[in-house]
2 protein chains.
Amino acid sequence: MAEKVTIADVARAAGVSRQTVSNTLNTPEVVRAETRRRVLDVVEELGYRVNQAARQMRTGRSRLIAARIDPEQDGINGSVGDRFLHGLTETAAREGYRVLLYTADGDDAETAAFDDLLGAYEPDAFVLMATHHGDRRTSWLAERGVPFVTFGRAWSDPAAPHCWVDVDGAAGTEAATRHLLAQGHRRIGFLGWPEGSGVGDDRREGWRRALAEVGLGVTGLHRETEDDVAPGEHAARDLLDRDPGITALVCASDSLALGALHVARAPGPAWLAGGQSHRPVAVVGFDDTPVAKAIGLTSVRQPIAEVASSCLRLLATRLDGGAGAPPEYLLLPPSLVVRASG
Amino acid sequence: MAEKVTIADVARAAGVSRQTVSNTLNTPEVVRAETRRRVLDVVEELGYRVNQAARQMRTGRSRLIAARIDPEQDGINGSVGDRFLHGLTETAAREGYRVLLYTADGDDAETAAFDDLLGAYEPDAFVLMATHHGDRRTSWLAERGVPFVTFGRAWSDPAAPHCWVDVDGAAGTEAATRHLLAQGHRRIGFLGWPEGSGVGDDRREGWRRALAEVGLGVTGLHRETEDDVAPGEHAARDLLDRDPGITALVCASDSLALGALHVARAPGPAWLAGGQSHRPVAVVGFDDTPVAKAIGLTSVRQPIAEVASSCLRLLATRLDGGAGAPPEYLLLPPSLVVRASG
DNA sequence: ATGAAAGCGCTAACAA
DNA sequence: TTGTTAGCGCTTTCAT
């Protein structure tokens with residue numbers, strides 16, 4: 001075990017008091033330049049590092065940010081959460097914070113985890129993902145005055161008391177739809193999730209908007225289903241059977257898009273040809289997951305790394321000084337990654 | 001902010017000393033049953049939780065386990081690391097630990113991160129992934145007596161002083177090869193990484209062994225290249241061009257396998273058909289990533305969740321009491337997930 | 001079986 | 001500008 005260097009060791013070696021060492025580190029401007037230099041030299045020489053636990057006891061700040069790591073997903077959609085965590089950890093380190101992980105299944109389990117964590121490790125803040133209508137987690141934290149940001153807007157509250165960062169999903173599906181329109185497609189369907197999910201409704205809206213802009217309606221052109229490959233395939237088949245005129249499909253996720261690809265065939269190289277013959281239907285997914293890249297699926301890409309760094313920056317600002325700052329809301333634009341499928 | 005409940009509050013409400021509360025929580029057997037009950041009731045009622053920072057100052061134990069989260073990968077191979085982290089976090093919580101994240105690029109950056117972390121947050125242990133020959137991280141930790149486990153065996157040291165958990169990669173490729181042999185394939189190639197990587201050599205060895213068992217040699221049947229899709233495609237094309245008799249390919253990763261699929265075509269449904277005609281070559285990958293599932297690639301699956309829980313259990317045992325226990329080495333068997341590609 | 005005292009390493013408040 | 005004092009919440013002695 002590495003021998004422990006305390007502030008007292010530094011003070012002794014530098015010939016100053018412990019307080020002066022502390023000041024040098026935390027309020028350098030209050031220490032004479034010469035003294036500061038001497039102290040910093042000793043700090044360097046001895047490899048001193050402030051002990052977080054001790055500092056935390058005095059200041060009440062742990063410099064820990066808690067984030068949930070999702071239970072293993074289908075691996076397609078899960079990748080967004082993982083990329084987000086990567087980004088958070090990197091930005092956090094730069095801002096002098098560390099990310100503490102926890103797991104929870106459902107809102108209530110998650111608020112229980114908040115309670116545990118706050119009682120024991122006292123993270124300075126939480127970062128939440130996948131906000132939804134009537135999110136009990138945000139109200140729990142807000143009621144207790146615990147700082148937090150969310151990746152995902154406050155769906156039920158346009159003037160939320162907390163910061164959020166989100167990606168403009170509607171803009172994404174709108175861009176995808178326009179891209180298809182520009183290619184000459186006129187009957188463009190949509191595969192999404194059942195109404196009521198903020199994210200899903202938002203993505204459907206972008207598609208609808210793009211069609212409306214060129215005077216096209218949406219009746220009979222969309223299907224809603226569970227977010228997985230098999231349901232996606234089923235829904236796509238149903239939609240295409242009912243309306244053989246459809247030549248392109250915008251999907252709310254890569255999972256659904258992958259399912260759709262099983263019944264559709266994009267122009268150019270044949271991607272997923274089942275045993276039977278297929279229609280040349282273009283497909284666009286959402287999230288630009290590794291699977292999309294692997295199979296050549298055109299997909300809407302969310303700037304996850306930026307979302308993560310924005311979340312942390314908003315948090316850090318408020319944590320380090322600007323406690324009373326009004327909440328900020330950030331809506332970042334996605335981009336369309338065009339591949340062979342559409 | 002939640003009002004803080006301290007051990008003193010509990011002591012007062014239960015009519016005992018703070019010490020008795022502490023004993024009730026840490027050494028229950030030393031407290032009279034009746035007293036214990038009373039204290040626990042109050043703990044429950046007040047929602048008391050021991051403050052980690054304070055406890056850490058006394059005991060020197062943080063109940064924090066540090067693990068690295070990889071910078072964003074190609075998304076194919078990265079998924080193993082993410083699944084591992086999921087598993088760690090879940091098991092850790094069950095054992096009363098939390099996972100603290102850090103990032104680092106390269107061995108030296110990682111040992112620097114160790115130093116930082118140990119000085120500041122004092123994690124009780126580290127969990128390392130992707131060990132390799134001459135791993136500077138393990139020697140750094142070992143020299144300083146910091147507890148750690150690795151996912152990945154100690155390639156350079158059969159009698160390593162630390163615990164490790166690994167998956168028997170050779171057994172995986174051997175099973176894959178046997179599976180292909182059982183299907184009637186006789187000329188089975190291998191796509192792997194340049195010699196010298198423990199993991200890669202191990203996987204190649206399993207393939208070689210399976211062929212040797214049935215009296216087949218390996219000359220001219222393998223190619224080594226960088227672990228990515230394009231190099232995999234290139235190597236596969238080269239291999240198949242040189243030896244048109246090859247009917248199946250075992251690959252050291254799903255990335256390579258995906259590349260191979262671009263030039264091969266599995267029996268059954270056609271998966272990835274380029275513009276040109278293709279040979280019906282079976283392909284098996286390694287890691288069973290989401291991409292493998294999505295495209296119907298047969299792949300060797302590592303029991304990542306078990307690896308993670310084993311790592312943590314070994315650590316927890318040594319941390320909570322059995323400090324002097326001799327190191328344990330665990331080699332877990334992988335399994336073959338058969339899909340359409342082979 | 002229970003309680004009192006001490007101190008882990010740090011920094012806010014105050015004194016010099 | 002620098003040093004002294006006190007105490008954050010807990011657990012390890014040691015005394016009762």
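What you are looking at is a predicted structure, and each value in this text was computed from that prediction instead of being measured. Residue numbering restarts at 1 for every chain, and letters A, B, ... go by the order of the sequence lines.
Around the CD atom of Glu29(A), the shell of radius 6.0 Å holds more than 12 heavy atoms that belong to other residues, nucleotides or ligands. The 12-atom threshold is not exceeded at CG of Asp105(A), counting heavy atoms of other residues, nucleotides or ligands nearer than 6.0 Å. Enclosure of atom CZ in Arg37(B) is not indicated, since only 12 or fewer non-hydrogen atoms of other residues, nucleotides or ligands lie within 6.0 angstrom.
For DNA chain D, the outermost nucleotides in 5' to 3' order that have an atom under 4.0 Å from a heavy atom of chain A are dT1(D) to dG9(D).
To the nearest angstrom, P of dG9(C) lies 11 Å from CD of Gln56(B). Whole-Å rounding puts the Asp9(A) CG to dC8(C) P distance at 11 Å. What separates CZ of Arg12(B) from P of dT2(C) is a distance of 19 Å, to the nearest Å. Computed from coordinates, the Glu122(A) CD to dC10(C) P distance equals 18 Å when rounded to whole Å. Following rounding to the nearest Å, Met57(A) (CE) and dA12(C) (P) show an atom-to-atom distance of 14 Å. Between Lys4(A) atom NZ and dG7(C) atom P the separation is 16 Å, expressed in whole Å.
Considering all non-hydrogen atoms of both residues, Tyr48(B) and Ile7(B) come closest at CE1-N, 3.5 Å. When every heavy atom of Lys4(A) is checked against every heavy atom of Asp9(A), the shortest pair comes out as O-OD2, 3.7 Å. Between Pro123(B) and Ser62(B), the shortest heavy-atom distance links the atoms CA-OG, 3.4 Å. Residues Ile69(A) and Asp82(B) share a closest heavy-atom pair of CD1-O, 4.5 Å.
Without hydrogens or angle criteria, Asp157(B) side chain to Ala154(B) main chain gives no donor-acceptor distance under 3.5 Å.
Listed pair Arg55(A) / dT11(C) meets the phosphate criterion, a side-chain N or O lying under 4.0 Å from OP1 or OP2. For the OP1/OP2 pair of dC10(C) and a distance below 4.0 Å, the side-chain nitrogens and oxygens of Asn51(A) include no atom meeting the criterion.
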Between Arg318(A) and Glu328(A), is the salt bridge (charged side-chain N to carboxylate O under 4.0 Å, His left out) condition met? List the steps. CA-CA 11 Å; Arg318(A) 264 137 265 258; Glu328(A) 282 182 66; 2.8 Å; yes
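Counting heavy atoms from C-beta outward, Glu122(B) and Leu64(B) have side chains that stay 4.5 Å or more apart.
Stacking of Arg63(A) on the aromatic ring of Tyr97(A) is recorded, both the 6.0 Å distance cut-off and the 45° axial limit being met.
Residues from residues 13-25 of chain A lying near DNA chain D, meaning a heavy-atom separation below 4.0 Å, are Val16(A), Ser17(A), Arg18(A), Gln19(A), Thr20(A) in numerical order.
Comparing the helix axis at one end of the helix from dA1(C)-dT16(D) to dA16(C)-dT1(D) with that at the other, each defined from 5 consecutive pairs, gives an inter-axis angle of 40° (nearest 10°).
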